[in-house]
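Predicted model, so just to flag it, every value in this text is computed and none were measured. Below, read A as the first sequence line, B as the second, and so on, with proteins coming before strands; counting in each chain starts at 1.
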Amino acid sequence: MKVGLFIPCYIDQFYPQVAVATLELLERLGCEVHYPLQQTCCGQPMANSGFSHLSQGCDNNFFRNFEGYDYIVCPSGSCTLHVKEHFQQPGNEQAAVHLRNSVYELTEFLTDVLQVTSLEAEYRHRVGLHVSCHGQRGLHLSSMTETMTPAYSKPERLLSLVDGLELVYPDRPDECCGFGGTFCVFEEAVSAKMGKDRIREHEEKDVEVITAVDMSCLMHLEGILKRNGSKVQVKHIAEILNSPSS
Amino acid sequence: MSLHAELAEQFNADEDRTNWHDQTLWWVRQKRDLSARQLPEWEQLRQLASDIKAHTLSNLDQYLEQFERQANANGVTVHWAATAEEHNAVVLELLQKNQLQHIVKSKSMLTEECHLNPFLKKHGYEVVDTDLGERIVQLRNEPPSHIVLPAIHLKKADVSETFHQHLHTEAGNEDPQYLTHAARLDLRKKFIEADCAITGVNFAIAENGAVVVCTNEGNADMGVHSARLHIACMGIEKIIPRMADLGVFTRLLARSATGQSITTYTSHFQKAGPGKEMHIVIVDNGRSRQLGRADFRNSLKCIRCAACFNTCPVYRRSGGHSYHTAVAGPIGSILNPNNDLKANADLPFASTLCGSCSNVCPVKINIHEQLWKWRQVVVKEGYAEPAKKAGMSAMAKLFAHPALFRLAGSAGRRMMRWFPALAKQKKFNPWYKQREMPEPPADSFRDWYLQNRKK
Ligand code: SF4
């Protein structure tokens, strides 16, 4: 199975360990993984700011990199959702549809495609799960508290396969952290307040680590945790699922 | 800074108060969840409501005309108003022609939208808002901050102070029962004197010409029963085809709004009482324009339950007044750009696009997708801030050119490592105000990959 590894630009630049964990995890599970070397970004920062008309060059570059893979896997719900909803190739609609349908967020790929039911992983910590909005409400990685539908969660199911991990949810289990892309600077006051409130709820549950399927949420939460001198760490879910068992 | 961001920052200056506001509305959201969960058919009900509205919007002209015919047959006069100004003029003319002086009004977001109160005041009329929350904000000379809970931004102490000032209640007495009693005595006088009652409309039923008004205080009924003339003001989108459809909406409305199974009063007004008159003003004010916008027409399905307000993490932490419009919250952010894009260009950005609003909406409006689409319109129409525009164009270039992107990335990381103080300028870097910067690593993932996998 030929998998193209799509690493969001800010993970490539600031959190390489998350990309390494994703790559190693997929390899351990038997995938043939390639990282196309000319990839940059999915274009979401522009599109969510109202500049989707500027993202064609970005889309074209994405297409050159990821055309021809069976699956494109990405350790971010938000970037995956963006490609699924907005990737365009004018004049080549069929290829665009194919690409949009081939892109998977990591936990959904592990659950739905690889159908992982066991993992050799160990992580002896009390972990709070932050449910990232785009993965949840956009990609339906888990049920949502607003809708009256049966409960499920792909990230939670995978984390339950990790030895020693104690999973907890904050009181409001799926409230947004306030990152929101450029929202985090253009609406700084509300953004920071939302982040502080998420952290307070996790701290009330005595977590050691906050995890999520999106590093962008965690980058924002980490910034606040560090500023406040908190001991709580953030870890992307790929890093936890890829923790070696002793 | 955008107007919403600025007002939101002011709101957040008092963190305890922000916490209280957030928690109060979250509690309403939880009541909604509990009550929705009681109905196994909840999600089907939402779909049905959404479908009925879609059908109605697609046949709006016919249903409006049918409604008018039925209302006329009931002896009710129907007035059509293309704009807010026309709406206000119709009301004024009715007051003048019938020599009415004492006006009571039950809650109507439409009259807020049309700024009816200040208009009538200018012409020498005093309008008394009779919904308790609306009365409180009216006495304070403030607009409502929420479409269902107009005074939700105020604490007991604020109300006590306002009542002390205007209704001469004891200073410092914050007992809700005492304060409500005072409001009740004051409003009772107004009801008894009333010769004109203005009401909003929750639903207008095409097949029988009746309007339905939902309240918890019975104030619409009190006004209408006491006054000799009733003016019901409605937007064109309030129409539903049949009586049989009404139950779908009343079951959703109160549950979504407050978690009640139904509002305390669901009042049907079909014809005037003996010796009285009933008028209905049907207002467009930009709605038909919105109906013509394929991407945004669904916003007209809204039944004004405010569930999207209560669930919105941004609304809860910025308050209704930060939206600087009559209808705030997520739905306001997709309705208001329709009438004045320039003045409301900030609103589609007052969201993280988390999507919670669309999930609670009882008529399944894709609110967060419309926010995204309005952002594109705002930029296309040239209302993006110039700095943002320049930044985005530069970003687009980088992302289209991998070599450039890598150069900028490694240079940026190096700068951050060598000159960490540079990024730590709170004035130029809003991120840094309350957050540390991420630690820039020496190597990108691509560097690692080339060393470890490509050898
Ligand atoms: S948009 Fe939906 S949730 Fe918001 S007020 Fe209207 S009906 Fe209620």
Spacing of A/Phe186 atom CZ and B/Ser2 atom OG [to the nearest 0.5 Å]: 9.5 Å
For A/Met148 against B/Glu43, the heavy-atom pair lying closest together: N-OE2, 2.7 Å
Distance under 6.0 Å and angle within 45° of ring axis: B/Arg375 vs A/Phe51: no
Flag side-chain contact, heavy atom, 4.5 Å: A/His220 against B/Trp431: yes
Choice from B/Ala396, B/Gly355, B/Pro440 maximising heavy atom contacts with chain A below 4.5 Å: B/Ala396
Check: A/Thr145 and B/Arg29 side chains under 4.5 Å, non-hydrogen atoms: yes
For chain B, the option from A/Asn60, A/Asp59, A/Val185 that forms the most heavy-atom pairs under 4.5 Å: A/Val185
When A/Gly180, A/Cys184, A/Ala192, A/Cys176 are compared by non-hydrogen pairs under 4.5 Å with chain B, the top option: A/Cys184
Closest heavy-atom pair and its distance - B/Cys354, A/Cys133: CB-SG, 3.4 Å
Residue pair A/Arg172 / B/Gln30, side-chain donor-acceptor N/O under 3.5 Å: no
Proximity breakdown for B/Ala36 and chain A, heavy-atom pairs closer than 4.5 Å: both
B/Gln10 portion near chain A, given a 4.5 angstrom heavy-atom threshold: neither
Euclidean distance, A/Ser49 OG relative to B/Glu385 CD, rounded to 0.5 Å: 10.0 Å
Part of B/Ser410 lying under 4.5 Å from any heavy atom of chain A: backbone
Check: A/Glu222 side chain, B/Pro438 main-chain N or O, donor-acceptor pair, under 3.5 Å: no
Those residues of residues 356-363 of chain B, ordered by number, that approach chain A below 4.5 Å (heavy atom to heavy atom): B/Ser356, B/Asn359, B/Val360
Engaged part of A/Thr182 at the chain B interface, taking heavy atoms whose separation is under 4.5 Å: side chain
When A/Asn48, A/Leu54, A/Leu225 are compared by non-hydrogen pairs under 4.5 Å with chain B, the top option: A/Asn48
Exercise: identify the closest heavy-atom pair between B/Val379 and A/Gly50: CB-O, 3.2 Å
Region of A/Ser52 in contact with chain B, defined by heavy-atom distances below 4.5 Å: both
4.5 Å side-chain heavy-atom contact, B/Trp448 and A/Val20: yes
A/Tyr35 ring center near B/Phe445 ring center (under 6.0 Å): yes
Side chain, backbone, both or neither of B/Arg446 within contact of chain A (heavy atoms, under 4.5 Å): both
Heavy-atom pair of closest approach, residues A/Thr40 and B/Phe399: OG1-O, 2.7 Å
Under 4.5 Å from any heavy atom of chain B - which part of A/Gln39: backbone
Stepwise salt bridge (Lys or Arg N to Asp or Glu O under 4.0 Å) check, B/Arg32 with A/Glu146: CA-CA 9 Å; B/Arg32 170 262 175 208; A/Glu146 301 94 3; over 6 Å; no
Contact origin within B/Leu371 toward chain A - heavy atom pairs under 4.5 Å: neither
Heavy-atom proximity to chain B below 4.5 Å, by part of A/Leu23: side chain
Heavy-atom closest pair, residues A/Leu37 and B/Tyr449: CD2-CD2, 4.0 Å
Contact class of B/Trp42 relative to chain A, heavy atoms under 4.5 angstrom: side chain
A/Ser191 and B/Arg317: side chain donor to acceptor below 3.5 Å: no
Heavy-atom side-chain proximity of B/Pro402 to A/Asn61 below 4.5 angstrom: yes
Portion of A/Val33 that has a non-hydrogen atom of chain B nearer than 4.5 angstrom: backbone
Residue pair B/Ala8 / A/Glu187: nearest heavy atoms and the distance that separates them: CB-OE1, 4.0 Å
Part of B/Phe11 lying under 4.5 Å from any heavy atom of chain A: neither
Options A/Arg64, A/Met194, A/Met144, A/Gln17, ranked by heavy-atom pairs under 4.5 Å with chain B, top entry: A/Met194
Within 6.0 Å of NE2 in B/His324, more than 12 heavy atoms from elsewhere: yes
Interchain contact, B/His4 with chain A, by part (heavy-atom threshold 4.5 Å): both
Largest heavy-atom contact set with chain A, pairs under 4.5 Å, which of B/Ser351, B/Pro348, B/Ser318: B/Ser351
Candidate list B/Asp22, B/Thr18, B/Asn12, B/Asn19, test side chain to side chain donor-acceptor pair (under 3.5 Å), partner A/Lys193, passing option: B/Asn19
Residue pair A/His134 / B/Leu353, side-chain heavy-atom distance below 4.5 Å: yes
Interface residue of largest heavy-atom contact number with chain A, from B/Arg37, B/Lys389, B/Gln376, B/Lys397, under 4.5 Å: B/Gln376
Pair A/His86 and B/Trp372, ring centroids less than 6.0 Å apart: yes
Exam field: side chain B/Arg406 to backbone A/Gln38, donor-acceptor pair closer than 3.5 Å: no
Chain B contact residues among residues 5-13 of chain A, heavy-atom distance under 4.5 Å: A/Leu5, A/Ile7, A/Cys9, A/Asp12, A/Gln13
Largest heavy-atom contact set with chain A, pairs under 4.5 Å, which of B/Gly412, B/Ser322, B/Ala350: B/Ala350
Partner chain A: residue of B/Met437, B/Glu439, B/Glu15, B/Met1 with the largest heavy-atom pair count (under 4.5 Å): B/Glu15
Choice from B/Gly391, B/Gly409, B/Pro441 maximising heavy atom contacts with chain A below 4.5 Å: B/Pro441
A/Glu27 vs B/Arg453 side-chain heavy atoms within contact, under 4.5 Å: yes
Pick from A/Lys226, A/Met219, A/Glu175, A/Gln136 with the largest number of heavy-atom pairs that fall under 4.5 Å of chain B: A/Glu175
Side-chain heavy-atom pair B/Met392, A/Met46 within 4.5 angstrom cut-off: yes
